[in-house]
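Chain A is the first sequence line, chain B the second, and so forth, proteins listed ahead of strands; every chain is numbered from 1.
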Protein chains: 2
Amino acid sequence: MSQTVDRALSILPLLAEGPADLGQVADRLGVHKSTALRLLRTLHEHGLVYRQSDQRYRLGARLFALAQEAMENLDIREIAHPHLVRLNEQCGHTVHLAVYEENEVLYIDKVESRYPVRMYSRIGKPVAITVAAVAKLLLADLPEPERRALAEQLDYPLYTARSTPHAEAFLKELATVREQGWATDLGGHEESINCVAAPVRGADGRVVAAMSVSAPNVVVTAEELLSLLPLVRRTADAISGEYSGRTPVKGTPA
Amino acid sequence: MSQTVDRALSILPLLAEGPADLGQVADRLGVHKSTALRLLRTLHEHGLVYRQSDQRYRLGARLFALAQEAMENLDIREIAHPHLVRLNEQCGHTVHLAVYEENEVLYIDKVESRYPVRMYSRIGKPVAITVAAVAKLLLADLPEPERRALAEQLDYPLYTARSTPHAEAFLKELATVREQGWATDLGGHEESINCVAAPVRGADGRVVAAMSVSAPNVVVTAEELLSLLPLVRRTADAISGEYSGRTPVKGTPA
DNA sequence: CTCAGGCGTTGCGTATTCTGCAACGACCAT
DNA sequence: ATGGTCGTTGCAGAATACGCAACGCCTGAG
């Protein structure tokens with residue numbers, strides 16, 4: 001709606017692909033160099049882009065800080081975290097927490113036990129929406145027309161032979177998930193990885209988040225993982241209870 | 001430099017404090033509601049802000065994705081990661097990698113301690129710049145005038161009794177660090193946590209990153225931690241060598 | 001049930017702001 | 001030395017964003 005801002009913001013995903021110099025930015029925006037320069041300068045002042053020593057631009061530090069703060073302000077995350085930790089202690093596997101937003105599903109927390117390597121590296125990354133167990137739960141709760149519309153505009157990459165192949169299959173799976181109140185991903189994303197997931201609901205019963213337990217089948221078979229379902233559901237329900245119990249409003253500025 | 005973009009971007013840190021409605025945003029920007037609306041809409045189209053069910057705005061999902069991609073494109077991080085992992089395997093403690101950018105020092109990678117004691121730090125979070133060992137190394141390498149200017153504009157929070165108290169002391173410490181080529185933080189941030197850090201240098205000898213090993217003194221004493229210094233330095237040097245060896249330019253678009 | 005107040009939204013005329021041009025200076029490689 | 005590339009600047013014109021005022025919606029009070 002605002003041309004200038006629109007152009008400026010278009011620079012960000014462009015730089016996300018890698019550093020670029022002024023000319024490249026101007027070209028890909030379809031504007032004059034001087035225009036691109038002014039936009040980049042403004043972005044720079046706000047710390048969103050950084051100018052490295054070779055004069056090329058790349059995404060800047062404040063972006064991390066913003067994403068960080070944004071995440072910390074999600075109260076579902078705050079409430080859920082101790083539960084995720086406890087669940088991880090009980091079963092030993094990787095635990096994820098995810099939310100739906102604007103046609104995307106993304107992890108907002110993760111507890112890993114065996115290889116704590118890259119603890120936060122995948123948080124914030126959009127998940128494989130057509131196969132992930134958490135995605136199924138979150139999408140299954142969307143109003144029917146929206147769900148259908150989304151399902152049909154999605155791509156269905158065949159990560160493995162067990163990936164959801166097309167919209168029709170996906171909608172059918174969502175219906176099942178919606179009914180049973182939990183979801184799985186059995187090798188749909190990576191051949192050897194299975195997941196079980198359960199929904200976290202708000203006071204009105206709508207699904208506000210989903211949590212999952214993931215494990216490679218060299219550690220536990222799919223059946224063994226499924227046996228954890230009651231535990232996962234109990235944990236999710238506990239989070240739901242706490243989340244809908246009270247709404248701690250703390251962001252009251254002076 | 002560009003008013004419109006400037007205003008739009010000013011909304012982001014504002015929303016980072018917590019969700020806000022249209023009126024609040026307009027007020028704090030000092031613009032008319034209709035203007036604020038237009039800006040928010042543009043931000044929304046780019047996924048940088050999200051409109052929650054109560055109509056208030058908060059930071060959006062794409063912010064995470066961007067921060068994510070930005071991080072993955074830092075090649076120092078990519079090169080250093082396996083070394084961090086190996087170092088962690090050798091000593092068992094938490095290993096951090098940090099860079100300096102625009103008056104801030106921030107962690108860009110982390111390998112968790114194998115000991116159950118966890119330390120609060122997050123990738124992307126700005127570090128306690130006046131006390132952290134990695135910060136000392138990165139700032140010590142700045143050109144003298146810049147270093148001095150920065151040191152004097154900083155705040156010096158007294159996290160503990162051993163925190164750096166003021167600019168003068170900090171500059172003195174930086175001089176020492178600069179000379180010896182490594183740094184420590186002995187309880188300057190949290191009473192019981194000690195760190196040893198070493199610099200990663202580019203081909204031109206400038207410090208491009210810093211890595212540290214941190215451990216609570218209930219696990220190892222400061223002296224024991226210091227005995228790891230040669231190992232830490234060797235690892236940092238190995239990263240430096242690999243980093244300055246070649247400059248893999250991969251971001252060449254079609 | 002009515003009405004006032006608050007909030008988000010829209011269309012529009014004005015003028016502020018952004019744009020593209022062209023020229024300059026720095027730097028690199030030939 | 002010199003041609004080329006790249007980032008930077010000032011400027012005049014015009015497209016663009018701004019603020020205004022009015023509308024519709026919802027909520028809560030009388």
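Within the 4.5 Å cutoff, the side chain of B/L174 has heavy atoms near those of the B/K136 side chain.
Summarising the geometry, the separation between CZ on A/R41 and P on C/dC18 is reported as 14 Å, rounded to the nearest angstrom. The NZ-C1' distance, from B/K33 to D/dC23, rounds to 11 Å in whole Å. Going from atom CG of B/L37 over to atom P of D/dA17 covers 14 Å, rounded to whole Å. Atom P of nucleotide C/dG8 and atom NE2 of B/H44 are separated by 15 Å, given to the nearest angstrom. Spacing between atom CG of A/L39 and atom C1' of C/dG20 amounts to 13 Å, rounded to whole angstrom units. The distance between atom CZ of A/R56 and atom C1' of C/dC27, rounded to the nearest whole Å, is 17 Å. Across the protein-nucleic acid pair, B/L40 atom CG and C/dC7 atom C1' stand 14 Å apart, rounded to whole Å. Rounded to whole Å, the distance from CG on A/D6 to C1' on D/dA15 is 15 Å.
A donor-acceptor distance shorter than 3.5 angstrom exists from the side chain of A/R178 to the backbone of A/A140, with no hydrogens or angles considered.
Projected onto DNA chain C by closest heavy-atom contact, A/H32 and B/Q55 fall at different nucleotides, the more 5' of which corresponds to B/Q55. Closest-nucleotide positions on DNA chain D for A/R38 and A/M1 were compared, and the one nearer the 5' end corresponds to A/R38.
Each of C/dT19, D/dG7, C/dT9 was ranked by its minimum atom distance to the side chain of B/L22; first place goes to C/dT9.
Close to C/dT9, at under 4.0 Å from its OP1 or OP2, lies a side-chain N or O of B/R51. An OP1 or OP2 oxygen of C/dC18 is reached within less than 4.0 angstrom by a side-chain nitrogen or oxygen of B/S2. At least one side-chain nitrogen or oxygen of B/T35 sits closer than 4.0 Å to the OP1 or OP2 atom of D/dG19. Dashed line: the shortest gap from a side-chain N or O of A/R7 to OP1 or OP2 of C/dT19 is under 4.0 Å.
Side-chain atoms of B/Y50 and B/R58 form no donor-acceptor pair, as typed in the model, at a separation below 3.5 Å. Looking only at atom types and distance, the side chain of B/H96 has no donor-acceptor partner in the side chain of B/D109 under 3.5 Å away.
At a cut-off of 3.5 angstrom, the base of D/dC20 holds at least one donor-acceptor pair with the side chain of B/S34.
Ring pair B/H166/B/Y156: centre-to-centre distance not below 6.0 Å.
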